[in-house]
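What follows is a set of notes on a single structure, which appears directly below.
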Number of protein chains: 2
Amino acid sequence: MGKTVSKAKIFKKPGHDHGRCIKSALDMAQSLCAARGARLTELRRRVLELVWASHRPIGAYDLLDKLKAERHNAAPPTVYRALEFLIELGLVHRIESLNAYMGCSGPDAGHSSQFLICRDCGSAAEINDARIDAAINNLSQDAGFSVHHHSIEVEGRCPDCRSTR
Amino acid sequence: MGKTVSKAKIFKKPGHDHGRCIKSALDMAQSLCAARGARLTELRRRVLELVWASHRPIGAYDLLDKLKAERHNAAPPTVYRALEFLIELGLVHRIESLNAYMGCSGPDAGHSSQFLICRDCGSAAEINDARIDAAINNLSQDAGFSVHHHSIEVEGRCPDCRSTR
DNA sequence: GAATGTTATGTTATATTATAACATTTCCAT
DNA sequence: ATGGAAATGTTATAATATAACATAACATTC
């Protein structure tokens, strides 16, 4: 069916319609909050929108700078509290290896965090591999370990950066 | 062959002979450095020993405190530089989710970093699951992503903490 | 629709983690 | 012994994150 494609579309192409990514994320957030009885305030919504400004993880203080442009009184707790709320709901993931934050592309799925991160351009793509989940669950069980959450961060080079050189 | 054991011995038991863990780690470091022409100085060796003081990841400043007890002039760069060296050689892993450091139990294996981390007692166990590696390599290839390094951190409860309550 | 409790945000200060930059010392090959 | 490289010392500061308390917004009940 159609042309044979060997590369799964995990990384977004530079020219994609990013407005749709943002809208979709905000819509999902809206309904998820409604379902959970959580309050998606103007501030929280705006922080989520800023996190979604690109497909690159963004640092809390970069976020704060953007926020300050529109809210003179934004301070670290402003952004950290919003992030905490969004992470709690699974709308945002923290990228541990970068101390940065990234919108979740599928908040419905399990609360694990799996990313491919390009060391050249900084873009990241969320993955959700059942084999990995299965292996982690299996080996954890063998070890007598009960899993609460897991985070996988794969550092390397994305297709675009590889083709560029 | 002996009694049937369903739990792999991944987490160390409280009463194990930890002296041997330390000795083994220092010996491996010694030979690895010799093989690579790297200098395992007194300071670096001592930092490695301190990292191996337990099976819990330790923070850089906790390490610094310990070091200060014996080297009055130890400062942050002292410990960070030693850690950098040890990480470079694969003798120590950084636990991203804790901003902490942990001795590597098998510096020979690939340079990936996979841990089960107990949220109750803070102890961590290194794993090295071929299925996970395979899945990551496979999905990365499908995505056109070239892997440089990966880090997996599974948070949960270790066997001891689970049996305690 | 006023009183009340709860949740969210504002505000200030500070803790924690990590690195920059330059000086000095140590090591080792000649 | 000496010159160059690597390691360590030293001081200062950057970057990330949280504590603690004050105020404001919201939502529920009367």
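Quick caveat, the model's predicted, so the values are computed rather than measured. All chains are named by letter (A, B, ...) in the order of the sequence lines, taking the proteins before the strands, and each is independently numbered beginning at 1.
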> Using a cut-off of less than 4.0 Å, is there contact between a side-chain N or O of A/R71 and OP1 or OP2 of C/dG10?
Replying inline: yes
>> Whether A/N73 contacts C/dG10 is assessed here as follows: a side-chain N or O lying under 4.0 Å from the phosphate OP1 or OP2. Is that the case?
In response: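 Yes, within the criterion.
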Rounded interatomic separation in angstrom, taking [atom1] from [X] and [atom2] from [N]:
| X | N | atom1 | atom2 | result |
| --- | --- | --- | --- | --- |
| A/E84 | C/dT7 | CD | P | 14 Å |
| B/L63 | C/dA18 | CG | C1' | 14 Å |
| A/Y80 | C/dA13 | OH | P | 19 Å |
| B/R94 | C/dT16 | CZ | P | 16 Å |
| B/R44 | C/dT26 | CZ | C1' | 12 Å |
| A/L98 | C/dT17 | CG | P | 18 Å |
| A/L64 | C/dT9 | CG | C1' | 14 Å |
| B/L83 | C/dA18 | CG | P | 9 Å |

>> Can you work out whether B/P76 or A/T41 has the more 5'-proximal nearest nucleotide on DNA chain C?
In response: A/T41
>> Nearest heavy atom decides the nucleotide; on that basis, is A/R81 or A/Y61 closer to the 5' end of DNA chain C?
In response: A/R81
> Should B/E153 and B/S97 be marked as a side chain to side chain donor-acceptor pair (under 3.5 Å) after you check the CA-CA gap, both sets of side-chain angles, and the distance that decides it?
Replying inline: CA-CA 7 Å; B/E153 298 177 11; B/S97 59; 2.5 Å; yes
> Any ion pair linking A/R46 and A/E49 (charged N to carboxylate O, less than 4.0 Å)?
Replying inline: yes
> Taking the side chain as C-beta and beyond, is there a heavy-atom pair between A/L83 and A/V51 under 4.5 Å?
Replying inline: yes
> Do the side chains of B/R56 and B/C121 get nearer than 4.5 Å, heavy atoms only?
Replying inline: yes
>> Can you work out whether B/T78 or A/D62 has the more 5'-proximal nearest nucleotide on DNA chain D?
In response: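 Between the two, 5'-proximity favours B/T78.
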> Closer to the 5' end of DNA chain D via nearest nucleotide, is it B/N99 or B/R39?
Replying inline: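 It is B/R39 whose nearest nucleotide is closer to the 5' end.
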> Which heavy atom of A/R94 sits nearest a heavy atom of A/Y101, and at what distance?
Replying inline: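 That closest heavy-atom pairing would be NH1-OH, 2.7 Å.
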>> Among A/H149, A/H150, A/H148, which residue satisfies the side-chain hydrogen bond (donor to acceptor under 3.5 Å, both in side chains) criterion with B/E155?
In response: A/H148
> For the side-chain hydrogen bond (donor to acceptor under 3.5 Å, both in side chains) test, which of A/N128, A/D129, A/D133 pairs with A/Q114?
Replying inline: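 Per the side-chain hydrogen bond (donor to acceptor under 3.5 Å, both in side chains) rule, the option paired with A/Q114 is A/D133, out of A/N128, A/D129, A/D133.
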>> Reading DNA chain D from 5' to 3', where do the contacts with chain A start and stop? Cut-off is 4.0 Å to heavy atoms.
In response: D/dT16 to D/dC26
